[in-house]
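Data first, discussion second: the structure below is written as structure tokens.
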There are 2 protein chains.
Amino acid sequence: MTEVIEPAIETVTIDVVLSALADPVRLTLVRALDAAGDWTCGSDALRDTGVTIGKSTLSHHIKVLRHAGLIRTRVDGIRRLVTLRHDEVEQRFPGLLAMLRDPDPARAAAR
Amino acid sequence: MTEVIEPAIETVTIDVVLSALADPVRLTLVRALDAAGDWTCGSDALRDTGVTIGKSTLSHHIKVLRHAGLIRTRVDGIRRLVTLRHDEVEQRFPGLLAMLRDPDPARAAAR
DNA sequence: TCCAATGTTCGATCTGCGTCGTACTGTTCG
DNA sequence: CGAACAGTACGACGCAGATCGAACATTGGA
């Protein structure tokens with residue numbers, strides 16, 4: 001089970017991360033990884049997110065997220081398992097993942 | 001000294017904030033506000049950031065940042081004072097401003 | 001060996017948005 | 001009042017990036 005090349009977390013800049021997360025599709029992908037765990041490009045967890053894009057487009061978004069240091073891709077036989085780099089991202093950018101988890105402003109108002 | 005209309009911090013979503021911060025110019029503006037305090041569109045603190053854009057473009061970016069809940073604009077006579085909504089942003093998105101403060105990955109590596 | 005399944009790469013297309021210039025608004029001061 | 005200043009609004013333009021389809025690569029199984 002080899003890994004696709006990815007940046008060391010210390011070399012990742014917030015600028016690149018922000019650009020990566022600015023796209024609604026990629027934000028959905030990261031949220032799905034955070035909530036439902038890993039998936040492959042054809043998995044149900046991904047399909048349940050409601051993102052309906054071509055597989056080439058999905059491949060593109062995964063590449064952007066990987067270059068931003070947010071996810072990892074492991075080659076597992078015929079498929080590629082996509083994983084959120086949870087601990088590393090939390091260490092490099094504390095609180096970031098928690099922010100993404102709360103899309104509903106109403107809950108913030110209730111705090 | 002009236003205030004230009006701005007969203008309540010509880011109604012601000014992370015999606016909009018990320019879109020606002022994804023632009024390099026706006027990121028520079030927020031960093032300048034965080035480091036050097038308030039400024040007006042013609043102030044030295046702003047000019048020192050090195051952003052060389054037309055005033056209509058600057059006005060556009062300020063509007064985007066204001067709609068994202070990150071800054072506040074107070075009308076002060078002939079000029080408009082731009083302020084970072086520091087405490088509110090920190091309350092709504094803890095850790096966000098700290099992330100923006102550290103653009104150099106080398107420092108993160110040294111931690 | 002050949003085929004099916006899973007992604008990637010490449011080229012083309014198209015849309016969003018960052019940028020600019022100009023005109024306009026509002027404020028202060030002479 | 002009128003001129004100068006500070007910024008906004010608007011329309012136009014151009015480019016980066018999101019999207020797609022098709023061709024290609026790689027692996028596993030029949």
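Letters A, B, ... mirror the listed sequences (proteins, then strands); counts begin at 1.
Here the P atom of nucleotide C:dA4 and the CZ atom of A:R79 are 18 Å apart, to the nearest Å. One atom, CZ of B:R74, and another, C1' of D:dA6, lie 17 Å apart when rounded to the nearest Å. As a whole-Å value, the separation of A:H61 NE2 from D:dA18 C1' is 6 Å. Atom C1' of nucleotide C:dC17 and atom NE2 of B:H67 are separated by 16 Å, given to the nearest angstrom. Here the C1' atom of nucleotide D:dA18 and the CG atom of A:L58 are 13 Å apart, to the nearest Å. Atom-to-atom, CD1 of A:I71 to C1' of C:dG7 comes out at 13 Å; the value is rounded to the nearest Å. For the pair A:L65 CG and D:dA18 C1', the computed distance is 13 Å after rounding to whole Å.
The backbone N or O of B:P24 lies less than 3.5 Å from a partner atom in the side chain of B:T28, making a donor-acceptor pair.
For B:S59, whose side chain is taken as the heavy atoms from C-beta onward, the closest listed nucleotide among D:dA9, D:dA6, D:dT8 is D:dT8.
Not counting sequence neighbours, A:R26 has no partner by the salt bridge (charged side-chain N to carboxylate O under 4.0 Å, His left out) test. Applying the side chain to side chain contact (heavy atoms under 4.5 Å, CB included) rule to A:S56 yields no partners; only residues at least two apart in sequence or on another chain are considered. With sequence neighbours left out, the side chain to side chain contact (heavy atoms under 4.5 Å, CB included) criterion links B:V16 to B:T13, B:A68. Every salt bridge (charged side-chain N to carboxylate O under 4.0 Å, His left out) that B:R72 has, sequence neighbours left out, goes to B:E3, B:E6, B:E88. Not counting sequence neighbours, the partners of B:A8 by the side chain to side chain contact (heavy atoms under 4.5 Å, CB included) test are B:E10, B:T11. Remark: B:H67 pairs with B:K63 by the side chain to side chain contact (heavy atoms under 4.5 Å, CB included) rule, at least two apart or across chains. The side chain to side chain donor-acceptor pair (under 3.5 Å) check on A:T73 picks up A:R66, with sequence neighbours excluded.
Here the shortest heavy-atom pairing between B:V12 and B:P7 reads CG2-CG, 4.1 Å. Taking both residues in full, the closest heavy atoms of A:M99 and B:L96 are given as CE-N, 3.4 Å, listed atom of the first, atom of the second, then distance.
With a 4.5 Å cut-off on side-chain heavy atoms, B:L33 and B:L65 do not count as touching.
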Please assess B:V82 against B:I62 for the test side-chain contact (heavy atoms from CB on, under 4.5 Å), listing each intermediate value before the final yes or no. CA-CA 8 Å; B:V82 177; B:I62 288 178; 4.0 Å; yes

Tabulated below should be each protein N or O lying under 3.5 Å from an N or O of nucleotides 13-17 of chain D; please produce it.
none

Sort me out a list of protein N/O and nucleotides 20-25 of chain C N/O pairs below 3.5 Å, or just none if empty.
from, atom 1, to, atom 2, distance (Å)
C:dC20, OP2, B:G54, N, 2.8
C:dC20, OP2, B:T57, OG1, 3.3
C:dG21, N7, B:S56, OG, 3.4
C:dG21, O6, B:S56, OG, 2.8

Show the distances under 3.5 angstrom between N or O atoms of the protein and N or O atoms of nucleotides 27-30 of chain C.
none

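Note: B:L27 CG to A:I14 CD1 = 8.0 Å, rounded to the nearest 0.5 Å. Atom CG of A:L29 is separated from atom CG of A:D34 by 12.5 Å, given to the nearest 0.5 angstrom.
Of the side-chain N and O atoms in A:R80, one or more sit less than 4.0 angstrom from OP1 or OP2 of C:dT8.
Five base pairs at each end of the helix from C:dT1-D:dA30 to C:dG30-D:dC1 define two local axes, and these are offset by 10° (rounded to 10°).
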